[in-house]
A.B. asks: 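Please read through the structure below; I'll follow up with questions.
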Amino acid sequence: MNELKSTMAGTVFTVDVNAGDEVSAGQTVVVLESMKMEIPVEAEKGGKVKEVRVNIGDFINEGDTILTFE
């Protein structure tokens with residue numbers, strides 16, 4: 001399964017994609033807030049989003065799956 005995992009811990013500030021969206025490499029898919037800073041999380045590769053596994057306000061840890069690709 002193709003997954004995009006978090007590289008850091010933080011709170012989900014925005015979710016910029018939905019299931020079924022096509023994304024390209026480098027596109028911001030989620031913004032995390034950590035230590036009062038907003039950190040964009042970018043897709044490592046392009047593809048169609050199968051499932052978004054986070055919601056605004058969720059706290060995620062390093063290594064947690066943010067979304068999956070088809």
Side-chain angles (χ1 to χ4, degrees):
M1 183 179 288
N2 296 319
E3 300 178 331
L4 175 62
K5 295 187 180 274
S6 178
T7 58
M8 63 178 295
T11 302
V12 178
F13 188 70
T14 66
V15 178
D16 300 335
V17 297
N18 296 300
D21 289 353
E22 289 284 339
V23 298
S24 36
Q27 179 179 339
T28 299
V29 295
V30 169
V31 176
L32 298 178
E33 191 261 330
S34 181
M35 299 180 354
K36 299 188 181 189
M37 294 175 48
E38 294 177 14
I39 298 100
V41 177
E42 299 174 346
E44 297 169 352
K45 61 180 180 177
K48 187 173 184 177
V49 177
K50 180 177 181 181
E51 177 184 17
V52 178
R53 294 193 178 174
V54 298
N55 295 298
I56 294 172
D58 289 352
F59 182 83
I60 60 174
N61 290 300
E62 181 178 345
D64 286 353
T65 300
I66 295 174
L67 57 82
T68 60
F69 293 99
E70 289 185 2

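Being a predicted model, the structure only gives us computed values, none of them experimental. Note that these values count all heavy atoms, side chains included, but never hydrogens, waters or copies made by symmetry.
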A.B. asks: What are the two closest non-hydrogen atoms of F13 and I56, and how far apart are they?
C.D. replies: O-CG2, 3.7 Å

A.B. asks: If you compare all heavy atoms of S34 against all heavy atoms of A9, which two are closest, and at what distance to 0.1 Å?
C.D. replies: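 Taking every non-hydrogen atom into account, OG-O, 3.5 Å.
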
A.B. asks: So which atom in E3 and which in T68 form the shortest heavy-atom distance, rounded to 0.1 Å?
C.D. replies: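 Looks like CG-CG2, 3.9 Å.
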
A.B. asks: Within a reach of under 6.0 Å around NZ of K48, are more than 12 heavy atoms found that belong to other residues, nucleotides or ligands?
C.D. replies: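 Atom NZ in K48 is not packed in, count stays at 12 or less.
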
A.B. asks: Determine, stepwise, if the pair V12 / L32 fulfils side-chain contact (heavy atoms from CB on, under 4.5 Å).
C.D. replies: CA-CA 5 Å; V12 178; L32 298 178; 4.0 Å; yes

A.B. asks: Could you tell me which non-hydrogen atom of S24 sits nearest to which non-hydrogen atom of A43, and how far apart they are?
C.D. replies: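 Minimum heavy-atom contact is O-CB, 3.8 Å.
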
A.B. asks: Apply the test side-chain contact (heavy atoms from CB on, under 4.5 Å) to residues S6 and V41: give CA-CA distance (whole Å), side-chain angles for both, the deciding distance (0.1 Å), then the verdict.
C.D. replies: CA-CA 8 Å; S6 178; V41 177; 5.7 Å; no

A.B. asks: CG/L67 to CG/N18 distance, rounded to the nearest 0.5 angstrom?
C.D. replies: 11.0 Å

A.B. asks: Would you kindly confirm whether V31 and F59 end up in one hydrophobic cluster when ILVMFWY residues are joined by side chain heavy atoms under 4.5 Å apart?
C.D. replies: no

A.B. asks: From K50 NZ over to N2 CG, what is the distance, rounded to the nearest 0.5 angstrom?
C.D. replies: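 One finds 10.0 Å between NZ of K50 and CG of N2.
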
A.B. asks: Nearest 0.5 angstrom please: R53 CZ to K5 NZ, how far?
C.D. replies: 8.0 Å

A.B. asks: Within this structure, what is the CD-CD distance for the pair E38 and E33, rounded to the nearest 0.5 Å?
C.D. replies: 7.5 Å

A.B. asks: For the residue pair V54 and V15, what are the closest heavy atoms and their distance?
C.D. replies: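 Scanning both residues completely, I find the closest heavy atoms to be O-CG2, 4.1 Å.
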
A.B. asks: Only one of D16, L4, D21 passes side chain to side chain contact (heavy atoms under 4.5 Å, CB included) with V29; say which it is.
C.D. replies: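 With V29 as partner, side chain to side chain contact (heavy atoms under 4.5 Å, CB included) holds for just one option, L4.
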
A.B. asks: Mind checking the OG1-CD1 spacing from T7 to I66? Nearest 0.5 Å is all I need.
C.D. replies: 7.5 Å

A.B. asks: More than 12 heavy atoms of other residues, nucleotides or ligands under 6.0 Å from CD of E42: yes or no?
C.D. replies: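 Yes - once you tally the heavy atoms of other residues, nucleotides and ligands closer than 6.0 Å, there are more than 12.
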
